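These numbers were taken from a predicted model, which means no experiment stands behind them.
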Amino acid sequence: LIIAKYAVFFIILIILFIMNISNRNKIKKLKAKYYRFMSGLGDQNIEELLEKSLDRIDDLSEKSRIMENHINGIERNLMQCIQKVGIVRFNAFDNVGSDLSFSITMMDNNDNGIVLSGIYSRDSSSTYAKPVIAGKSRYPLSAEEIQAIEIARKSNRERIYSDN
């Protein structure tokens with residue numbers, strides 16, 4: 001019976017020893033975190049530190065909101081900038097060598113813009129401009145001008161897909 005008591009005490013002693021070692025490791029980790037947290041603070045208390053941190057977070061939130069508004073404005077302006085360009089070179093007349101005539105389409109994100117066409121002949125060269133609204137013009141378009149519009153639309157789609 002006495003041996004059983006000593007065995008129980010010995011087991012309890014081993015359990016307490018293991019718990020002591022475990023607690024020492026936990027305290028060591030907590031001290032390391034505490035020293036890292038308090039390093040460089042000098043005589044500031046935690047309340048002052050938290051107040052300063054919250055003020056900095058408020059300042060950063062305000063700056064983030066301002067930047068987001070600024071970016072939204074830039075994106076709205078960008079929608080009206082030329083984003084789609086299509087170029088077609090062609091030979092307008094059989095008796096003129098090379099593809100010296102052209103049609104160029106320049107459109108914004110909403111397919112609004114212009115089609116410029118230059119027709120070259122041996123005697124003269126003429127340039128025409130036609131407005132484009134939503135990808136269409138109220139003026140008759142040549143096959144090359146329609147092709148330039150389609151190239152512009154397609155090049156923008158390919159750019160969008162390749163960015164993702």
Side-chain angles (χ1 to χ4, degrees), residues 14-90 92 99-120 125-164:
I14 290 174
I15 292 172
L16 288 175
F17 182 72
I18 292 171
M19 289 174 63
N20 187 15
I21 291 174
S22 173
N23 285 337
R24 284 180 184 232
N25 287 336
K26 289 179 183 178
I27 289 172
K28 187 177 179 181
K29 288 179 184 177
L30 281 174
K31 279 185 178 179
K33 287 181 182 179
Y34 173 78
Y35 289 129
R36 193 176 95 221
F37 180 73
M38 297 302 285
S39 66
L41 294 179
D43 60 352
Q44 290 181 332
N45 64 27
I46 293 178
E47 184 179 350
E48 290 173 355
L49 176 66
L50 288 174
E51 284 180 18
K52 286 181 181 180
S53 296
L54 290 174
D55 289 342
R56 287 180 62 198
I57 289 171
D58 290 341
D59 290 343
L60 290 173
S61 294
E62 177 65 17
K63 287 180 182 179
S64 175
R65 187 188 61 75
I66 290 169
M67 287 179 17
E68 187 174 341
N69 289 338
H70 186 67
I71 288 170
N72 288 338
I74 290 171
E75 285 178 347
R76 281 191 301 274
N77 288 341
L78 185 62
M79 297 290 275
Q80 297 173 356
C81 294
I82 293 173
Q83 297 183 23
K84 304 174 185 180
V85 177
I87 301 172
V88 175
R89 290 186 56 161
F90 59 96
D99 293 339
L100 298 176
S101 298
F102 64 89
S103 288
I104 299 174
T105 300
M106 295 179 279
M107 297 185 298
D108 64 11
N109 195 53
N110 299 314
D111 291 344
N112 298 326
I114 61 169
V115 175
L116 292 174
S117 293
I119 308 297
Y120 176 80
S125 180
S126 301
T127 305
Y128 303 96
K130 298 176 185 175
V132 176
I133 298 172
K136 309 246 184 264
S137 180
R138 62 183 174 142
Y139 299 98
L141 297 172
S142 69
E144 293 81 11
E145 290 168 332
I146 293 170
Q147 185 181 3
I149 290 172
E150 289 306 312
I151 289 171
R153 284 181 166 165
K154 184 178 178 185
S155 68
N156 188 55
R157 277 188 296 247
E158 288 173 358
R159 182 174 48 89
I160 289 170
Y161 294 138
S162 66
D163 288 345
N164 291 333

Give a yes or no answer on whether the side chain of [X] reaches the backbone of [Y] with a donor-acceptor pair at less than 3.5 Å.
{"X": "Asp108", "Y": "Ile82", "answer": "no"}
{"X": "Ser64", "Y": "Leu60", "answer": "no"}
{"X": "Lys130", "Y": "Pro140", "answer": "yes"}
{"X": "Glu150", "Y": "Gly86", "answer": "no"}
{"X": "Ser137", "Y": "Pro131", "answer": "yes"}
{"X": "Ser155", "Y": "Ile151", "answer": "yes"}

Taking all heavy atoms of [X] and all of [Y], pick out the closest pair and write down the distance.
{"X": "Leu116", "Y": "Ala129", "result": "CD2-CB, 3.5 Å"}
{"X": "Gln147", "Y": "Val88", "result": "OE1-CG1, 3.7 Å"}
{"X": "Ala92", "Y": "Ile119", "result": "CB-CG2, 3.8 Å"}
{"X": "Phe90", "Y": "Ser103", "result": "CE2-OG, 3.7 Å"}
{"X": "Ala134", "Y": "Asn112", "result": "N-OD1, 2.8 Å"}
{"X": "Ser101", "Y": "Tyr120", "result": "OG-N, 3.0 Å"}

| Taking it one step at a time, do Met106 and Val132 satisfy side chain to side chain contact (heavy atoms under 4.5 Å, CB included)? | CA-CA 9 Å; Met106 295 179 279; Val132 176; over 6 Å; no

Gap separating the [atom1] atom of [X] from the [atom2] atom of [Y], nearest 0.5 angstrom:
{"X": "Lys28", "Y": "Arg24", "atom1": "NZ", "atom2": "CZ", "value": "11.0 Å"}
{"X": "Ile149", "Y": "Arg153", "atom1": "CD1", "atom2": "CZ", "value": "7.0 Å"}
{"X": "Ser22", "Y": "Ile27", "atom1": "OG", "atom2": "CD1", "value": "9.5 Å"}
{"X": "Lys136", "Y": "Ile146", "atom1": "NZ", "atom2": "CD1", "value": "8.5 Å"}

| Residue of the set Asp111, Asn110, Asn109 for which side-chain contact (heavy atoms from CB on, under 4.5 Å) holds with Met107 | Asp111

| Residue pair Asn72 / Glu75, side-chain heavy-atom distance below 4.5 Å |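 With C-beta onward as the side chain, the pair touches.
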
| said: Between Glu68 and Arg65, does any NZ, NE, NH1 or NH2 come within less than 4.0 Å of an OD or OE carboxylate oxygen? | reply: no

